[in-house]
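Inspection log for the structure reproduced underneath, given as structure tokens.
Here is how names work: the chains are called A, B, and so on, in the same order as the sequence lines, proteins then strands, and each is numbered from 1.
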Amino acid sequence: MGNLLNISSSPHVRDKSSTQSIMWCVILCLLPATVVGIYNFGLKAIILIIACVATCMLTEFIWQKAMKLPVTVTDGSAALTGLLLALNLSSTFPVWMAVIGSVFAILVVKQLFGGLGQNFMNPALGARCFLMVSFAGKMTSFTYDSITGPTPLAIIKNAVKNGDTSSIADILASGDGQTQATTSVINMFLGNTAGTIGETSAIAILIGGIVLIARKIISWKIPVCYLATFAVFVLIFGGRGFDITYLAAELCGGGIMLGAFFMATDYVTSPITPTGQIVFGVLLGILTGIFRIFGASAEGVSYAIIICNLLVPLIEKVTIPVPFGKEGIKDGK
Amino acid sequence: MYARCINGLLVPVFSGCGIIKSPGTTKNKLERGNGMSEATFRGGVHPYEGKELSKDLPIKTVLPKGELVFSMAQHIGAPAKPVVQKGDKVLVGQKIGEAGGFISANICSSVSGTVKAVEPRMMLNGSSVTCVVIENDGEYTGIKGLGENRDYTRLSNDEIRAIVKEAGIVGMGGAGFPTNVKLTPKEPDKIDYILVNGAECEPYLTSDYRQMLECPEEIVGGLKVMLKLFDKAKGLICIEDNKPDAIAKMKEAVNGESRIEVKELKTKYPQGGERTLISAATGRKIYSAKLPADAGCIVDNIATVIAIYRAVCKQTPLITRVMTLTGDAFSQPVNVNVRLGISHAELVEEGGGFATEPAKIISGGPMMGFAMFDLNVPVTKTSSSLLALTKDEVAENEPSPCIRCGRCVSACPGNLVPQKMAQAAMNNDYDTFVKLNGMECYECGSCTFVCPAKRPLTQTFKQARQYVAAQRRKS
């Protein structure tokens, strides 16, 4: 044999899926939520999405070029960060601020910590919190159907805080009393309410999330444990007893759906161990509940996820699985 | 040690060891396991099977043309010592290498002819090993009694073990562990199961499958010999459900045998691994520090059981084996029965040569096989196949950063966390590697197969495990 044969250690075959195919699959699963966002918020939403995705990809490209690193923009990870960030912004948010947020997400949160796989917090959420601190007013101003007013979640929070005992349906239908922002739980489920571009439609997010789980891109553990724990927390501490409409509004409102299926499940910043994923989900549910019910704001998903991101190494440390055949055996023999 | 069970039978109980076994629960587990054809394990992967290339091709006998090279280290344990010299005449079946220790095996000549040399030759892993080189005279003159029938029921158990030892039989699935050692456990009374491993979970390989179809009676015969050694044991022939005709054939062959059963297993790699096989077939579990015998099991591959039959009942030592020559580079994949010691280069002609220039040639399956750099190395007792692929998926997929997707964790049949183990191993942090149960890994390659970032996980583990094992030997 004159030719040279390849030599490598086993295994000699590889599965077809790659980092790239996974990232693009997640982006595809975000499409239902994106389409509903564009339908609701129109051209402004399209511009914001394009601006965020383009800035994220460009930032990554320029950084990798400047640092003489292999350019990995096509792996879809930067595009996904951009899309997630845009879906977390209000449609009225100024484009230049969104561009700053995108640069922050890629440059500070992702690349400065070592790039893909090394960031300790979700880049899109890191940027969202950065923008929240920097431009609080713009971040919390929502317009739906050319009416600027509070989100349904804020309406409920305000009413509950003021000791309003009428039903949730009535509270939502009467709005906040100042603006004409009125809605219903059904609208919150479908997405016809005020909120960020991608968070309003629970059903659109659910469709994408179920596809992700069915295709085994993500495990059911984090979203299910997150939502279940949060639901239990709301029923116990929500102050409204066993009010299913209230629970439905809390689950459909705000960023919890988008957070549970697309943000908390970010591979890099969630535990890799199966038990760890359950612990992570439960912690998220509790923290979100605390922030939403006892905190000043009606929202709390981003902060809950970011705090839990920081706990991931600790969670993993205590949830290393017992190896095959060693169940029930103490360390050693 | 024994504990009295509810029904009054004496049931062995293992003390202070790793087997999940209490008399009651194990029984329930077993009954449940036997009721379902879906016996399986947690984790594992589904690589492209590629068996259709060669599964319908009957085993063809190949006679060697040139010289034959017999390595003295075809097994786990001490190498054999050559007992012939240059110029000696040898016969088919004649012992040319004597076991060099308790864990070692004899080597027998597969042809008749003259010893040309006793010298170091290169093996397929690049190591240099003492070999006996024999010039084939083409006569195939056998030693006295070769191939003659022998009634195993008249032999004592010790005689059977001695015959298996003399025949140089080792595990032919790939590990090459001397079979007579396996058949001589410390406490023979505690063996409840003899598992015949017909899972053949490695992609492409069809040699065990063909043997199940073509000589089921020899498999049953070999198993019966083994069952004679262990009165209490039950024989289970374990086959993955992607081989329905082999299952049917074996079921037919064991018809009327009260101590033998055919067990269907779900098709999934690495079902044929010792630990996964025992757990799927019997519900018992062992870990790295335990032997199958600790769980009351003896596991032998199809080819090994046939070799036992031939040695005991046909007075033929281990001198041939069935191999699959396959892969998309071969113009005509084929299953062949070859004499041990034949050169791989000679076999390529049997597969009709290469239709396309292969990029990679593998001895064994694509998941755990060994990539060859030269075809001029001899076939040994553990060579299950020659796989020639036109594409090298490893070279085509450059590793990229880990994204912590956790697929390796889901795929690991050992319930380990390969991502963290790899991180520790890469940092030469062997303490953490051991803490993360790295020494429980048996290098099946499932994690590496599924990794979307194409990271060389198994390769890293092999290196780290070797290092840790070497350190342990030192201290």
B:Glu357 side, atom CD; A:Leu5 side, atom CG - distance, nearest 0.5 Å: 8.0 Å
Region of B:Arg407 in contact with chain A, defined by heavy-atom distances below 4.5 Å: side chain
Chain B neighbours within residues 258-285 of chain A, where any heavy atom lies under 4.5 Å away: A:Tyr267, A:Val268, A:Ser270, A:Pro271, A:Ile272, A:Thr273, A:Pro274
Sequence neighbours excluded - salt bridge (charged side-chain N to carboxylate O under 4.0 Å, His left out) pairs with any residue from residues 307-321 of chain A: A:Glu316-B:Arg404, A:Glu316-B:Lys420
Between B:Ser410 and A:Lys216, a side-chain donor and acceptor under 3.5 Å: no
Any donor-acceptor N or O pair under 3.5 Å, side chains A:Ser18, B:Lys454: no
Residue selection (most heavy-atom pairs with chain A, distance under 4.5 Å) from B:Cys402, B:Gly369, B:Ala345: B:Gly369
Partner of A:Ser8 by side-chain hydrogen bond (donor to acceptor under 3.5 Å, both in side chains), out of B:Lys360, B:Glu393, B:Gln459: B:Lys360
Side chain, backbone, both or neither of B:Pro413 within contact of chain A (heavy atoms, under 4.5 Å): backbone
B:Gly445 versus A:Pro11, closest heavy-atom pair with distance: O-CG, 3.5 Å
Backbone N/O of A:Val322 and side chain of B:Asn415: donor-acceptor pair under 3.5 Å: yes
side-chain contact (heavy atoms from CB on, under 4.5 Å) between B:Lys462 and A:Ser9, worked out: CA-CA 9 Å; B:Lys462 280 182 191 171; A:Ser9 182; 3.0 Å; yes
Other residues, nucleotides, ligands: >12 heavy atoms within 6.0 Å of B:Arg42 CZ: yes
Beyond-backbone contact of A:Arg14 with B:Pro47, side-chain heavy atoms, under 4.5 angstrom: no
side-chain contact (heavy atoms from CB on, under 4.5 Å) assessment of A:Val13 paired with B:Phe449: CA-CA 6 Å; A:Val13 284; B:Phe449 173 78; 4.0 Å; yes
Side-chain donor or acceptor of B:Glu440 paired with backbone N/O of A:Pro323 under 3.5 Å: no
Within-4.5 Å side-chain heavy-atom neighbours: A:Pro321 and B:Val417: yes
Contacting moiety of A:Ile217, where chain B heavy atoms sit under 4.5 Å: both
Proximal component of A:Ile7, with respect to chain B [non-hydrogen, under 4.5 Å]: both
Segment of B:Ile362 engaging chain A (4.5 angstrom heavy-atom cut-off): side chain
Contacting region of B:Ala453 [heavy-atom separation from chain A under 4.5 Å]: both
Chain A contact via B:Cys405 - side chain, backbone, both or neither, heavy atoms under 4.5 Å: both
Residues forming a ring-ring contact (aromatic ring centres under 6.0 Å, His included) with B:Phe370, sequence neighbours excluded: none
A:Gln64 atom CD, neighbour heavy-atom count above 12 within 6.0 Å: yes
Heavy-atom proximity to chain A below 4.5 Å, by part of B:Lys391: neither
Heavy-atom check, side chain of A:Thr72 versus side chain of B:Ser400, under 4.5 Å: no
Flag side-chain contact, heavy atom, 4.5 Å: B:Cys412 against A:Phe324: no
Partners passing ring-ring contact (aromatic ring centres under 6.0 Å, His included) against A:Phe120 (at least two apart in sequence or in another chain): A:Phe113
Under 3.5 Å: donor-acceptor pair, side chain of A:His12, backbone of B:Val394: no
Most chain A-contacting option - heavy-atom pairs closer than 4.5 Å, from B:Gly43, B:Gly406, B:Pro366, B:Ser279: B:Pro366
